[in-house]
There are 2 protein chains.
Amino acid sequence: MVKKARNTQRREESLSRDQIIETAIALLDSGGESGLTFRALSEQLATGPGAIYGHIASKSDLLIAASDAIVARTMDASVDSTTPEATIRAVALGMFDAIDAHPWVGSALTRAPGKLPAVRILERIGQQLRALGVPDDKQWVTVSALLSYILGVGGQNAANTHLALEQETDRSDFLDEVATMWSELDPDEYPFTRSVAGQLRTHDDRVDFLVGIDLILRGIESARDR
Amino acid sequence: MVKKARNTQRREESLSRDQIIETAIALLDSGGESGLTFRALSEQLATGPGAIYGHIASKSDLLIAASDAIVARTMDASVDSTTPEATIRAVALGMFDAIDAHPWVGSALTRAPGKLPAVRILERIGQQLRALGVPDDKQWVTVSALLSYILGVGGQNAANTHLALEQETDRSDFLDEVATMWSELDPDEYPFTRSVAGQLRTHDDRVDFLVGIDLILRGIESARDR
DNA sequence: ACCTGAACACCGTTCAAGT
DNA sequence: ACCTGAACACCGTTCAAGT
């Protein structure tokens, strides 16, 4: 007698790597980095924690694979603009928004340099630098600088939303607290930080991020024209 | 009868916060981020794991305090140069070298934006931007960009040495492996990454880092002159 | 061949009991 | 008042036993 499908508690399809990754993304999105455990994951997948190791080597492997899925989608979604500069800006903004939507990607990316997710970004930006006329021997340093900046901002954004989530406040309330802390620093030791606390309170992360990208692009341009 | 000092297993001085932090730094330096546990720490300090909570709120608090000690020393060690640009370069290089010597600082800093260690760097660089004549309303975005870049590079360097340590290879051997992996990527999908793999093999992290700083500084200059 | 889930070797953190 | 260290509530990972 053939066993009827969909009438047992057990999965009728065998476990797939993709299925594991998608479930991991859902857990990360809803519970942050600490929301992903092999126990929670295997429960969602209606299996035991050991079963996952048939498809994934380790937790860090899983985190990289999950990040890669997000980055791949983000790169696919961003189409080329009219100029190389505009394309770089669009790609960078795409990553900013992706990390905003999935903060865990920010910290995962920083911990896996040279791995596939970072390489996808590197490739995309590098091709635009070629189009911009950056000489061959300067291409590595140049992508490297742009990528470091993007990952740096991403990492900090991830940390900010993580810290905000931890103390159960809104992200902007959290930045407000930081600004208040800064304005209470010793005036002799921290004059600059105090003076800039107000700008921290009113700033727009996304706009500031783009200004930084533009600063680097302008530097590239002026280095080339020299 | 007065108890003689230094003849018992037990600490004769009471536990101090500084002592805990210094011991934590030693553990982090020798064993990486996973080398710091409350059990190892309390063993070094000849006490129980619970005793530490009298002086430190949590592990992340300890990590921030340890980073702060390193950053404070680094900022104190770097003296002002003749020009603001040169000073910024010196401060940035100082942080690069500090993270090279204590890789865990790289990841800890990224996870604690707005906290004291990051603020020390922000303040130092900010003062130089003022001296450079960056207008008040642009000062926040500008430090923010420089800091993000520095933390971004730091985080990646931390990750690289961590990954190298994990597979027990030399750091340069590890980068060599990455370069090999890159040169084996699909030529149609990753032409840029493949072409740049060679530069990854021969590059100097420290030099590349400075080039990135200069790119941003040049961008600042050209934005101001516009 | 693949899944299952108890078991192992850890964690950070707490707290009653001691001094 | 401060330390002690067993106990709690978790982790990631392994592996003998099952199907």
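Since we're looking at a predicted model, the values are computed, not measured. In what follows, chains carry the letters A, B, and so on, assigned in the order in which the sequence lines appear, proteins first and then strands, with residues in each chain numbered from 1.
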Which of the following nucleotides, [options], is nearest to the side chain of [X]?
X       : options               : value
B/Ala51 : C/dC11, D/dT4, C/dT4  : D/dT4
B/Ser58 : C/dG12, C/dC3, C/dT13 : C/dT13
A/Pro49 : D/dG12, C/dT4, C/dA6  : C/dA6
B/Thr47 : C/dC11, C/dT4, D/dC3  : D/dC3

Distance in angstrom units between B/Glu43 CD and D/dT4 P, rounded: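 About 13 Å, once rounded to whole Å.
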Can you tell me the distance, in whole Å, between the CD1 atom of B/Ile52 and the P atom of D/dC2?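 Interatomic distance, CD1 of B/Ile52 to P of D/dC2: 16 Å.
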Can you see whether B/Arg124 engages B/Thr87 through a side-chain donor-acceptor pair at a distance of less than 3.5 angstrom?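 No.
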So [X], base contact, sugar-phosphate only, or nothing? Heavy-atom distance under 4.0 Å.
X       : answer
A/Gly50 : base
B/Ser42 : nothing
B/Ile56 : nothing
A/Leu41 : nothing

Any non-hydrogen side-chain atom of A/Phe209 less than 4.5 Å from a side-chain atom of B/Ser144?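 Not touching, per the 4.5 Å side-chain cut-off.
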Nearest 0.5 angstrom please: A/Leu62 CG to A/Phe38 CZ, how far?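 If we round to the nearest 0.5 Å, A/Leu62:CG and A/Phe38:CZ are 5.5 Å apart.
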Reported CD-to-CH2 distance for the pair A/Gln199 and A/Trp182, which is rounded to 0.5 angstrom: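 Output value for this atom pair is 10.5 Å.
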Applying the Watson-Crick and G-U wobble criteria at under 3.5 Å, what pairs with C/dC15? Answer none if nothing qualifies.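 WC or wobble partner is D/dG5.
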Mate of C/dC10 where both pairing distances stay under 3.5 Å, Watson-Crick or G-U: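 Pairing partner: none.
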Could you check A/Arg39 against A/Gly48 and say which one's nearest nucleotide on DNA chain C is further toward the 5' end?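 Its nucleotide being nearer the 5' end, the pick is A/Gly48.
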